[in-house]
2 protein chains.
Amino acid sequence: MTKSTAQQTSLCQHCIMSGICFGQSDKNSAESKVRSHKIYHKSDILFRSGQTFDAIYILRSGSAKSSILANCGHEQISGFHYPGDLIGLDGFDNGSHSQSIKFLETSSVCRIGLGELDNAMANSASIRSNLLQGMSHALNNEDRFLLSLNNMNSAQRLSSFLLDLSAQFLQRGLSAKEFDLSMTRVDIANYLGMAIETVSRLLTQLQQDNIIEVQRRRVKILSLEKLNQCLTLERDPHILLTPNPSDANTIQTRVA
Amino acid sequence: MTKSTAQQTSLCQHCIMSGICFGQSDKNSAESKVRSHKIYHKSDILFRSGQTFDAIYILRSGSAKSSILANCGHEQISGFHYPGDLIGLDGFDNGSHSQSIKFLETSSVCRIGLGELDNAMANSASIRSNLLQGMSHALNNEDRFLLSLNNMNSAQRLSSFLLDLSAQFLQRGLSAKEFDLSMTRVDIANYLGMAIETVSRLLTQLQQDNIIEVQRRRVKILSLEKLNQCLTLERDPHILLTPNPSDANTIQTRVA
DNA sequence: CGTTCATTTGAACATGCTCAATTCCTGTGG
DNA sequence: CCACAGGAATTGAGCATGTTCAAATGAACG
């Protein structure tokens with residue numbers, strides 16, 4: 001996921017934080033305002049857990065994973081990031097990062113210092129709104145992911161993961177049906193909470209069912225419909241059916 | 001978790017959003033500035049998924065659960081809330097709530113309209129900081145919870161849940177060792193992603209091991225140490241060991 | 001080419017779910 | 001005050017999903 005240099009200015013103008021780089025008045029004289037951005041390579045670390053929080057970042061190109069560390073030393077990947085994503089939001093909590101960010105491929109990143117950010121928030125309603133929206137979005141993403149962990153079996157989780165990636169790529173103007181995974185099987189297994197053997201088996205299964213073609217990092221989705229069906233079919237909502245679906249006091253509206 | 005009316009003013013002064021209610025200048029003449037708050041009862045809904053986002057809320061007393069709804073109609077609880085918690089942060093994402101909030105007992109809530117909030121953010125650095133901190137905290141909480149879902153077995157998840165509650169109560173000046181659960185076993189099972197029978201079995205197990213005493217909603221922790229050991233002992237980090245713990249390129253620092 | 005890492009595949013086993021029945025609490029009405 | 005009904009919680013036994021362990025295969029890289 002890299003962009004030609006010709007696209008960079010346009011990339012900046014559509015950035016969620018563009019208000020910081022381009023003043024209200026001169027959105028047109030953009031050329032000179034492209035914020036300096038730093039290039040990182042595969043396996044580079046943007047910041048580590050425990051490190052002082054002094055900036056947030058926007059991923060311009062490439063991809064990264066964020067992870068936290070359990071007491072037992074276990075690394076848990078909490079998300080993957082793609083161009084346009086805000087990174088480092090975990091730091092507002094207590095002044096130091098709780099996550100670590102590691103790049104999965106060559107990537108470029110804009111840094112927005114905390115002082116600069118706070119100034120912008122004081123002066124611009126759209127910056128305030130965009131930042132809150134970004135954080136809220138991250139929260140909702142985690143909620144939905146949580147749902148899939150608690151609610152779905154391995155096959156459904158993996159299908160869901162692939163569909164999610166597909167949507168991410170589509171949203172960024174790339175192919176929704178054919179793409180390269182930037183993470184290893186180990187990363188996928190970690191993220192989805194299953195053994196890497198299970199990931200492997202399920203991928204071959206999907207391939208045998210003519211739903212995807214997969215070869216190493218390359219994935220081709222043969223049928224988005226069938227992949228979607230994997231989520232709904234063979235569902236068995238075992239956990240947590242509340243007894244009174246029609247009760248006005250109850251939150252859920254329908255129970256299978 | 002309810003507070004006497006005598007404590008309410010003090011409660012407001014320590015509120016994370018107090019800057020909105022009390023101007024910088026007159027933090028002392030507090031009496032008259034206590035924001036009107038609304039009382040809800042058990043099973044009441046604060047807002048539902050899909051509802052227009054027009055305010056955030058602060059829980060003053062009581063407790064609540066937030067949940068989202070899967071396509072299949074399955075309700076997934078994404079968190080429990082206690083006094084001081086910010087509620088409704090999910091709405092910044094796209095202008096409508098993705099969560100639903102349901103009270104678990106009689107509770108009182110302050111409402112802060114979006115306009116009012118944005119004004120306050122424009123004018124007060126501490127409001128900006130507090131809101132971002134609150135959202136970041138919520139994010140980090142979810143990350144840690146995600147880790148426990150992917151990383152721990154049922155016994156560990158339940159122990160972790162109890163310890164978490166204990167810490168929440170302690171932080172709010174209540175007993176860390178003896179408290180009432182405001183949620184049902186069904187809620188616990190839903191949240192922790194297991195069957196309610198498993199919750200039940202594990203609680204009796206913990207009781208037989210003289211780690212807790214539990215009777216219906218009442219929980220007494222006999223040994224916080226032993227409960228903590230439940231998290232670390234019998235650990236078996238099966239998933240996701242990355243091969244090179246000492247590699248500088250790798251995020252985690254140690255692997256069991 | 002040989003070493004290393006990533007991935008795949010197979011077979012046994014374990015955790016935790018499902019189904020079913022029972023017990024325990026709480027509130028309600030006789 | 002007691003009997004009864006309904007929900008919540010507990011307990012037991014069988015079973016399924018997905019893990020563990022072990023070994024083989026495949027791709028990449030020096």
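Fair warning: this is a prediction, and the values are worked out from it, not measured in the lab. Every chain is numbered from 1, with letters handed out A, B, ... down the list of sequences.
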Heteroatom pairs (N/O) under 3.5 angstrom, protein to nucleotides 13-15 of chain C:
none

Considering residues at least two apart in sequence or located in another chain, which fulfil the side chain to side chain donor-acceptor pair (under 3.5 Å) criterion with A/Arg218?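 For A/Arg218 the side chain to side chain donor-acceptor pair (under 3.5 Å) partners, ignoring immediate neighbours, are A/Asp180.
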Close approaches to DNA chain D from residues 198-210 of chain A, in residue order (heavy atom, under 4.0 Å):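 Those residues whose heavy atoms fall under 4.0 Å from DNA chain D, taken from residues 198-210 of chain A in numerical order, are A/Thr198, A/Arg201.
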Can you list everything that forms a side-chain contact (heavy atoms from CB on, under 4.5 Å) with [X]? Sequence neighbours excluded, please.
X	result
B/Asp93	A/Gln133, A/Ser136, A/His137, A/Asn140
B/Thr184	B/Val186, B/Asp187, B/Arg217
A/Ser96	A/Asn94
B/Lys220	B/Glu178, B/Glu213, B/Leu222

Between the protein and nucleotides 23-29 of chain D, which nitrogen or oxygen pairs come in under 3.5 angstrom?
none

Which donor-acceptor pairs under 3.5 Å do side chains of residues 159-167 of chain A form with protein atoms, sequence neighbours excluded?
from, atom 1, to, atom 2, distance (Å)
A/Ser159, OG, A/Ala155, O, 2.8
A/Ser166, OG, A/Ala176, O, 2.7

Non-neighbouring partners of A/His97 that pass ring pair (Phe, Tyr, Trp, His ring centres under 6.0 Å), sequence neighbours left out: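 By the ring pair (Phe, Tyr, Trp, His ring centres under 6.0 Å) rule, A/His97 matches A/Phe47, A/Phe53.
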Residues two or more places apart in sequence or in another chain: which of them pass salt bridge (charged side-chain N to carboxylate O under 4.0 Å, His left out) with A/Asp85?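 So A/Asp85 forms a salt bridge (charged side-chain N to carboxylate O under 4.0 Å, His left out) with A/Arg172.
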Which residue pairs pass the salt bridge (charged side-chain N to carboxylate O under 4.0 Å, His left out) test when at least one of the two sits in residues 189-204 of chain B, sequence neighbours left out?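 For residues 189-204 of chain B: none.
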